[in-house]
Amino acid sequence: MSYDVTGTKAFINGATGQYGSVKKGENYGKNAAINHLGYIKDFEIKSKPLNPDVFTKSSSVEDMYNEVMTKCREDKMPPINFLLQYAPKKGAISGFFAKLFKGHSIDTGALLGFTSEVMGKKSMTIEEADKDLNAALGDITNAKLSAKAFDVNNDGMIDVTEEAASTVLADVLSKDTEGANLSNVSKALKNADGSYTNDGENKMMAFCNEENYETASKVIKDIHKKMKLDKAAKKL
């Protein structure tokens, strides 16, 4: 199994996986992405579907809940809550100096390795990204979704570094700190530690709402600039 389960949470990292046993760097991030994909695939239900008779007005909320929970146990589905360590967490001393001199403690090599593995390509058009977003989440959010706020250089494309900024944003939003409402991104960035949760991932999706484009664009550009992601990509 590509992840561990403790209590009601799944823990995923890139220390081991398809790219071997690693402690840091690009392959750590690639392992993390593949292991996360394995976690997601475990949500695929391959046996009989849920009993539709339970989801009627005559059924109680408890009946519906029990049906879903029984189904999850039968299919051995993982917990909904997860913690994904896409980049190795630095020690107290190295993390302190990284924050002091760089403003963050994230291994950018691992971050970009994670993002490149998730994307499977160097870039995609805004139209491609928008199509994927709306197909996956449009019905759930009831909002018009677009990735254009992540197009830092306004070239109509989303490249690996721009996608990486969204991963860091999910990281920031997973931490219950000042700046989580994005009023102070610079301060919040110092609390990012190379991991994010399902809660942070869900909050990040608000930046794909076209109504939030102006604010979202400024925040993404700020993260991209402060982390020097273009420069980091040239080192890989």
(request) Determine the minimum heavy-atom distance between Y39 and P78, stating which atoms define it. (result) CE1-CB, 3.7 Å
(message) Treating D151 as the side-chain partner and G156 as the backbone partner, does any N or O pair qualify as donor plus acceptor under 3.5 Å?
(response) yes
(message) I'd like to know if the side chain of D171 reaches the main chain of G194, judged simply by a donor and an acceptor atom lying under 3.5 Å from each other, with no hydrogens or angles considered.
(response) yes
(request) Determine the minimum heavy-atom distance between K90 and S94, stating which atoms define it. (result) CB-OG, 3.6 Å
(message) Let me confirm one number: the CD1-NZ distance from I34 to K30, rounded to the nearest 0.5 Å.
(response) 8.5 Å
(request) State, to 0.1 Å, how close K190 and K99 come at their nearest heavy-atom pair, and which atoms those are. (result) O-CE, 2.9 Å
(request) Output the distance between atom OG (S146) and atom CD (E211), rounded to the nearest 0.5 Å. (result) 12.5 Å
(request) Before accepting this row, confirm whether a basic side-chain N of the pair K218/D222 lies closer than 4.0 Å to the acidic partner's carboxylate O. (result) no
(request) Could you tell me whether the side chains of S195 and D193 share a donor-acceptor contact shorter than 3.5 Å? (result) yes
(request) Determine whether K203 and L169 make a side-chain contact, defined as any pair of heavy atoms from C-beta on separated by less than 4.5 Å. (result) no
(request) Would you indicate whether the side-chain heavy atoms of P88 and K23 approach each other to under 4.5 Å? (result) no
(message) Do M124 and M119 have side chains that approach each other closer than 4.5 Å (heavy atoms only, starting at C-beta)?
(response) yes
(request) Would you name the heavy atoms of T125 and M157 that are closest together and state the gap between them? (result) CG2-SD, 3.5 Å
(message) If hydrophobic clusters are built from ILVMFWY residues whose side chains come within less than 4.5 Å, do Y3 and V22 share one?
(response) no
(request) Mind checking the OG1-CG spacing from T161 to N153? Nearest 0.5 Å is all I need. (result) 7.5 Å
(request) State whether the number of non-hydrogen atoms from other residues, nucleotides or ligands found under 6.0 Å of K228 atom NZ is greater than 12. (result) no
(message) Quick check for you: to the nearest 0.5 Å, what is the distance between Y196 atom OH and L84 atom CG?
(response) 4.5 Å
(request) Nearest 0.5 Å please: distance from the OG1 atom of T115 over to the CG atom of D159. (result) 10.0 Å
(message) Do V172 and L83 land in one hydrophobic cluster if side-chain heavy atoms of ILVMFWY residues count as linked below 4.5 Å?
(response) no
(request) Taking all non-hydrogen atoms of both residues into account, name the closest pair between L173 and D199 and its distance. (result) O-OD2, 4.5 Å
(request) Please test D130 against K148 for side chain to side chain contact (heavy atoms under 4.5 Å, CB included), starting from the C-alpha separation and ending with a verdict. (result) CA-CA 8 Å; D130 289 357; K148 64 181 181 180; 5.7 Å; no
(request) Taking T197 for its side chain and G200 for its backbone only, find out whether a donor-acceptor pair lies under 3.5 Å. (result) yes
(message) Taking I80 as the starting point, is it possible to reach I40 by hopping between hydrophobic residues whose side chains are less than 4.5 Å apart?
(response) yes
(request) Indicate yes or no for a side-chain donor-acceptor contact from S217 to the backbone of E214 under 3.5 Å, with no hydrogens or angles considered. (result) no
Quiz: residues 9-20 side-chain donor-acceptor pairs under 3.5 angstrom, not counting sequence neighbours:
| from | atom 1 | to | atom 2 | distance (Å) |
| --- | --- | --- | --- | --- |
| N13 | OD1 | A15 | N | 3.0 |
| Y19 | OH | E117 | OE1 | 3.2 |

(request) Indicate if Y213 and L145 have the same hydrophobic cluster label, given that clusters are the connected sets of ILVMFWY residues with side-chain heavy-atom separations under 4.5 angstrom. (result) no
(request) State whether K234 and D230 are salt-bridged, where the test is any N-O pair (Lys NZ or Arg NE/NH1/NH2 against Asp/Glu carboxylate O) under 4.0 Å. (result) no
(request) Kindly compute the distance separating CD1 (I106) from CE (M227), expressed to the nearest 0.5 Å. (result) 4.0 Å
(message) Counting only heavy atoms from other residues, nucleotides and ligands, does the tally under 6.0 Å from NZ of K24 exceed 12?
(response) no
(request) Determine, using the 4.5 Å side-chain heavy-atom cutoff (strictly less than), whether L133 and V219 are members of one ILVMFWY cluster. (result) yes
(request) Mind checking ring pair (Phe, Tyr, Trp, His ring centres under 6.0 Å) for Y28 and listing every partner two or more places apart, or none if nothing turns up? (result) none
(request) Just grab all the ring-ring contact (aromatic ring centres under 6.0 Å, His included) pairs involving residues 110-133, residues at least two apart or on different chains. (result) Y86-F114
(message) Looking at every heavy atom in both G25 and D107, which two are closest together, and how far apart are they?
(response) N-OD2, 3.0 Å
